Amino acid sequence: MTQTEHRVDYEPAEALRGSAPAREASCGPDGEGVIARFEQAARRSEDREARAALAGDEESLQALWKRHRRWVAAILLAHKPRWADLDDLLQEVALAVVRKMHELRDPGAVRPWLRTVAINAAHAAGRSGAKRSRDIGLSEEDPHAERNTRSGISPGVPEAGRRLMELAMELPDGYREPLLLKAVHNLSYREIGSILGLPETTIETRIARGRRQLRELAIEHGISE
Amino acid sequence: MSEGELDILITRVVDGRASHEDWRRLEALAGQDAGVWRDLAQAQRDDQILRRAVGMAVGVAASVELPAPVAHEAHRARFQVGERTRRVAMWGGWAAAALVTLAFVSKQPPGGTPQQANTGGPILSAADALSKYIAQGQREGRVINEMPDKVLVNTQPLADGQGYDVVYFRLIMERDRVPDLYRFSSDELGQPVPVRVVIPQISTNVTNPL
């Protein structure tokens, strides 16, 4: 990201700086303190779990995986080719966790590492699909067309949701990822920031812009009025 | 007010983070342009739909467990066996498309069908050995039965015109017990690797909820 893009990203959030989130405002000073203490305790617990997992404790590794796998799936969703199976890619990430996570030294690096592994797995699927399509003479845009065009979105998802997700996939990378992370599990801006390695204000701005672009796309495609 | 500022206000409301001051500003903006309420409603609606859709899409994550931490060589050995099985399965799938119930008369082993085979005594032929295998396997619970249909792979008339050379699969249904189930996926380098499959157990011990 360029310096200019960073500045522009900050601008709207900076303009509103000082207006505390509603949950804090509504809770008052005491409630704010309780939430802050709760979040600190959760961070300490997660940190302990990550340290134990990196030290080779199998139970902690299992717990760590269960804690993170849903948002990892969202990252895969944001980057995978349309035809690739989400569960296959998620299993690849799970395998990398077992085989390589112990090489990490910093528990704070777990989230960015998981994201990198997920993105690599998604891109590797894209490359293998493109190569295969060249080998058998198919369009690279739809390398597995012979597999009856699977969208990669669960068949049980309602039509409006499926179409909106497809539109979300058209958003720029920088907006698509935080938007999907926010949509899954309701991650906080701080958590999304720790995954993407960005400040909370940038996350807020990107989600806000992503939502606006999605709204405009939805209207353009007749999903919304 | 910039468009970006309005987007931030809307997204704070959608995420339940809007402060009293945010609401005050939003109401002031809506007083000048009623389209603000429409944008907010639309953003709320899109967010609800997207959350539900993404939640369903990533629901698969709940069933993806970490594979057992088996040694790398064990992974490789299992893969090699699995890969051979997969290739046979692929070829078998092709052959199954040309499934033909073979109507030729094959020589039954002495003793008739496997169920009737005499399992004692010397092995007289390959067919006899197979019958004894099936009978013994059924007693041990390992073999369920041989499927009545065979899968035709190839036929070729004999040079002397006295019949056909027939190549086919016999299908023997067997049962085994294994500690874990694996499927084959590929790692981040594209190398095939086994991944444990967890099949959810459905309890049959149903009690009356009333």
Side-chain angles (χ1 to χ4, degrees), chain A residues 11-13 15-16 18-25 58 61-62 65 69-70 72-74 77 86-88 90-99 117 120-121 124 128 153-154 156-158 160-162 164-165 168 179-180 182-184 186 204-205 207-209 211-212 214-215 218-219 224, chain B residues 1-25 38-39 42-43 45-70 72 75 183-190 193-197:
Chain A
E11 196 176 359
L16 294 166
S19 51
R23 56 178 181 164
E24 294 170 3
E58 200 178 325
L61 192 64
Q62 295 280 358
W65 173 245
R69 62 188 172 187
R70 275 176 67 86
V72 170
L77 206 56
L86 185 59
D87 57 346
D88 284 350
L90 204 51
Q91 280 166 350
E92 289 179 26
V93 178
L95 191 71
V97 166
V98 169
R99 290 172 62 187
V117 171
N120 287 347
S128 67
I153 296 173
S154 312
V157 175
R162 190 183 59 75
L164 204 61
M165 269 181 72
L179 195 60
L180 289 185
K182 189 65 193 162
V184 63
N186 201 19
E204 183 176 54
T205 304
I207 288 174
R209 288 182 176 175
R211 280 181 174 147
R212 167 170 287 278
L214 189 60
R215 258 194 329 271
I219 291 167
S224 306
Chain B
M1 181 214 62
S2 70
E3 191 177 76
E5 190 179 345
L6 175 61
D7 291 342
I8 291 286
L9 289 171
I10 286 177
T11 218
R12 283 183 181 173
V13 171
V14 168
D15 289 335
R17 290 165 50 95
S19 65
H20 296 307
E21 173 61 15
D22 290 334
W23 274 110
R24 194 191 62 73
R25 295 187 71 159
R38 191 194 58 225
D39 282 352
Q42 188 60 53
R45 177 181 170 273
D46 288 350
D47 183 65
Q48 278 185 2
I49 293 173
L50 193 64
R51 276 175 199 264
R52 199 173 304 131
V54 173
M56 288 179 76
V58 304
V60 66
S63 64
V64 178
E65 302 290 347
L66 291 181
V70 292
H72 185 65
H75 271 290
R183 61 181 295 186
F184 285 90
S185 183
S186 55
D187 64 15
E188 69 276 18
L189 299 175
V193 285
V195 176
R196 185 192 277 178
V197 175

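Quick caveat, the model's predicted, so the values are computed rather than measured.
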A/Arg211 versus chain B, heavy atoms under 4.5 Å apart: side chain, backbone, both or neither?
side chain
Please find the pair of heavy atoms, one from A/Leu180 and one from A/Ala74, that lie closest to each other, and give the distance.
CD1-O, 4.0 Å
Below 4.5 Å from any heavy atom of chain A, which atoms of B/Glu65 appear? Answer side chain, backbone, both or neither.
both
Ignoring hydrogens and angles, tell me if any N or O in the side chain of B/Arg12 forms a donor-acceptor pair with the backbone of B/Ser19 under 3.5 Å.
no
Side chain, backbone, both or neither of B/Leu66 within contact of chain A (heavy atoms, under 4.5 Å)
both
Atom CG in B/Asp39, atom CG in B/Asp46: separation rounded to 0.5 Å?
10.5 Å
Test item: B/Thr11 side-chain N/O and B/Ile8 main-chain N/O as donor-acceptor pair under 3.5 Å
no
Is B/Asp47 close to chain A through its backbone or its side chain, or both, or neither, when contacts mean heavy atoms under 4.5 Å?
side chain
